[in-house]
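Everything on this sheet refers to the single structure shown next.
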Amino acid sequence: MTGMETSPSNGTFPQIISVDDHTVEPPRVWQDRLPGKYRDIGPRIVRAPLKEMTFLGGKFAPVMGEPGDEGPLGDWWVYEDLHRPLTRLDTAVGYDRDEIRLEVITYEQMRPGSYDVPRRLADMDVNHVRSALCFPTFPRFCGQTFTEARDRELALLCVRAYNDWMVEEWCGPEARGRLIPLALIPLWDAELAAAEVRRNAERGVRAVAFSEIPPRLGLPSVHTDDWDPFLAACDETGTVVAMHIGSSSRMPSTSADAPPAVGSTITFANCCFSMVDWLMSGKFERFPRLRVMYAEGQIGWIPYILERADVVWEENRAWGGVADKVHRPPSELFADHVYGCFFDDAFGLRNLDAIGAGNVLYETDYPHSDSTWPKSREVGEAQMGHLDADTVDRIVRRNAIELLGLTDDGLWAGPGGGR
């Protein structure tokens, strides 16, 4: 870890509101919520051996074995033709870095805080975390699993079932406001997506997952009007569009045989491409209340991209296809509409003035292999030591409170969302 080895100027560090943690869905999320006729074909857990598994060139390729085959046993999500195992990378906290391998695991082999609310709150206490927004695991980071399904009627029911579980159980009374809901949408239909945004906004949900680069999922780009019903619903309800690295189902890489370390180093690249798309799309001027955030994208790359985007807009907008829809410098649009999220970025924090303290959010990435748990406070203290206490408070908690409509002490208020 890098950064200055000092604490914020007032000697204290605020309780963290993490805008990027993850839930590992319990086995019966869909079994308990789908209509009876779908329970045998909806998402379900099967314990089976691993036949083979690779992760090269940004592509994850597991193959499930048959009962009785040799190979390590793991718990697999089965849904239509999809066989997706739980892996150590899904829930790596508590393990030494050198012990973390690409391997299948069972629920009994993961840290219980990955899927159990009381245990999650206990692990948040250990890590100085007040509250957390959690992205999904089996649905993938924006619900691609359901978008790729053949049976769209069942897929829509699965999206709604996930959101019901997220609101009523994961963020339910047992969580005491400390877990913040993040909804999925049916990405294949913007009108259905808008309806799901409004349905969840009525019960206090103020964030929805979306793809960083939709065309990579076979969906329209943000330069079209196709998404306007969805974006209008987000604008109307104050719902934040949250995009996680990997939410285009393709992690950045350089070649088919590049090891995962290559992609892990350049994970910010998709966020970079995505942000330029949004800044040059005209959507922020058409939907003035729209806000987007980039989970796990880090922030050190942002100043140059803003500088370059402003130059292109100033010098080339006439032939660059944006003069008629982007009427303000991209850096101004960024300041009003975009949030970068980080968990370990000393360089970005040293260049905070070029980003804007009001556009930065903190995260812990629990329970993934990159997570700073249980030392997120120590990392923050080391890297934010040169900042004044008010700026630290904004980054660690206050920006998230304002963006997500939380109470003053950083809690989700349930229906109404604290607004």
Side-chain angles (χ1 to χ4, degrees), residues 22-23 25 29-35 37-39 41-44 77-82 84 133-171 181-244 246-250 274 278 283 287 290 292-293 295:
H22 299 265
T23 178
E25 298 82 17
V29 168
W30 290 276
Q31 291 290 291
D32 289 346
R33 288 168 183 79
L34 290 175
K37 68 176 182 177
Y38 288 120
R39 286 175 189 160
I41 59 174
R44 58 206 181 276
W77 282 106
V78 176
Y79 172 50
E80 293 192 342
D81 296 332
L82 176 65
R84 199 280 191 192
L133 181 80
C134 296
F135 283 82
T137 298
F138 167 69
R140 311 216 300 280
F141 295 141
C142 67
Q144 303 102 298
T145 295
F146 304 122
T147 302
E148 295 166 0
R150 294 187 303 273
D151 187 335
R152 288 287 169 79
E153 180 182 355
L154 173 56
L156 180 59
L157 291 173
C158 285
V159 167
R160 290 174 174 168
Y162 177 88
N163 291 336
D164 291 345
W165 169 80
M166 169 63 63
V167 171
E168 297 165 8
E169 290 198 34
W170 185 251
C171 301
L182 174 69
L184 300 179
I185 57 170
L187 289 163
W188 60 90
D189 188 311
E191 294 286 355
L192 290 175
E196 192 63 11
V197 167
R198 292 188 175 96
R199 183 176 84 94
N200 287 291
E202 287 178 359
R203 47 186 181 175
V205 179
R206 292 293 180 264
V208 61
F210 190 68
S211 174
E212 58 200 352
I213 308 176
R216 292 186 179 172
L217 303 180
L219 300 169
S221 80
V222 297
H223 299 289
T224 71
D225 294 334
D226 297 68
W227 293 108
D228 284 6
F230 161 66
L231 298 179
C234 292
D235 180 82
E236 169 195 318
T237 60
T239 297
V240 181
V241 177
M243 293 170 283
H244 195 283
S247 57
S248 58
S249 294
R250 189 188 309 168
S274 175
W278 282 92
K283 299 303 184 187
F287 303 104
L290 188 63
V292 304
M293 56 171 272

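Excluded from the calculations below are hydrogen atoms, water molecules and symmetry mates; all remaining heavy atoms, backbone and side chain alike, are included. All figures in this text were calculated on a predicted structure; none of them were measured in a lab.
Closest approach of W227 and L219 over heavy atoms only: CZ2-CB, 3.9 Å. Listed here is the closest heavy atom pair of E212 and G246: OE2-N, 3.1 Å. Of all the heavy atoms in A161 and R33, the pair that sits closest is O-CD, 3.4 Å. Across T239 and A201, no two heavy atoms sit closer than the pair OG1-CB, 4.3 Å. Taking each heavy atom of P229 and A194 in turn, the nearest pair found is O-CB, 3.4 Å. The nearest pair of heavy atoms linking V167 to P181 is CG2-CB, 4.3 Å.
Proximity of P139 to F146: side-chain heavy atoms (C-beta onward) are separated by under 4.5 Å at one or more points. Between E148 and D81, the closest side-chain pair of non-hydrogen atoms is not below 4.5 Å. Within the 4.5 Å cutoff, the side chain of N200 has no heavy atoms near those of the T237 side chain. Between S247 and F135, the closest side-chain pair of non-hydrogen atoms is not below 4.5 Å. For the pair L217 and C142, the minimum side-chain heavy-atom distance is below 4.5 Å. For the pair L231 and D235, the minimum side-chain heavy-atom distance is 4.5 Å or more.
Sorted by first then second residue, the side chain to side chain donor-acceptor pair (under 3.5 Å) pairs that include residues 151-162, not counting sequence neighbours, are Y38-E153. Sorted by first and then second residue, the ring pair (Phe, Tyr, Trp, His ring centres under 6.0 Å) pairs with a member in residues 184-205 form an empty list; sequence neighbours excluded.
Taking the ring pair (Phe, Tyr, Trp, His ring centres under 6.0 Å) definition, one finds that W77 meets it with W30, F138, sequence neighbours left out. With sequence neighbours left out, T145 forms a side chain to side chain donor-acceptor pair (under 3.5 Å) with R140. Here E25 pairs with nothing under the side chain to side chain donor-acceptor pair (under 3.5 Å) rule; sequence neighbours left out. For D226, the side chain to side chain donor-acceptor pair (under 3.5 Å) criterion is met by T224, not counting sequence neighbours. Qualifying ring pair (Phe, Tyr, Trp, His ring centres under 6.0 Å) partners for F141, counting only residues two or more places apart in sequence or in other chains: H22, H244. Residues passing the salt bridge (Lys or Arg N to Asp or Glu O under 4.0 Å) test with E168 are R203, sequence neighbours excluded. Remark: R199 pairs with D164, E196 by the side chain to side chain donor-acceptor pair (under 3.5 Å) rule, at least two apart or across chains. Not counting sequence neighbours, the partners of E236 by the salt bridge (Lys or Arg N to Asp or Glu O under 4.0 Å) test are R198. With sequence neighbours excluded, no residue forms a salt bridge (Lys or Arg N to Asp or Glu O under 4.0 Å) with R44. Qualifying salt bridge (Lys or Arg N to Asp or Glu O under 4.0 Å) partners for D225, counting only residues two or more places apart in sequence or in other chains: K283, R286.
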Working for side chain to side chain contact (heavy atoms under 4.5 Å, CB included), residues V241 and F230: CA-CA 10 Å; V241 177; F230 161 66; 4.2 Å; yes
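Rounded to the nearest 0.5 Å, atoms SG (C234) and CZ (F287) are 9.5 Å apart. The line from CG of L34 to CD1 of I41 is 9.0 Å long, rounded to the nearest 0.5 Å. A distance of 6.5 Å separates CG of L187 from CZ of F210, quoted to the nearest 0.5 Å. Between the CG atom in L133 and the OG1 atom in T23 there is a gap of 11.5 Å [rounded to 0.5 Å].
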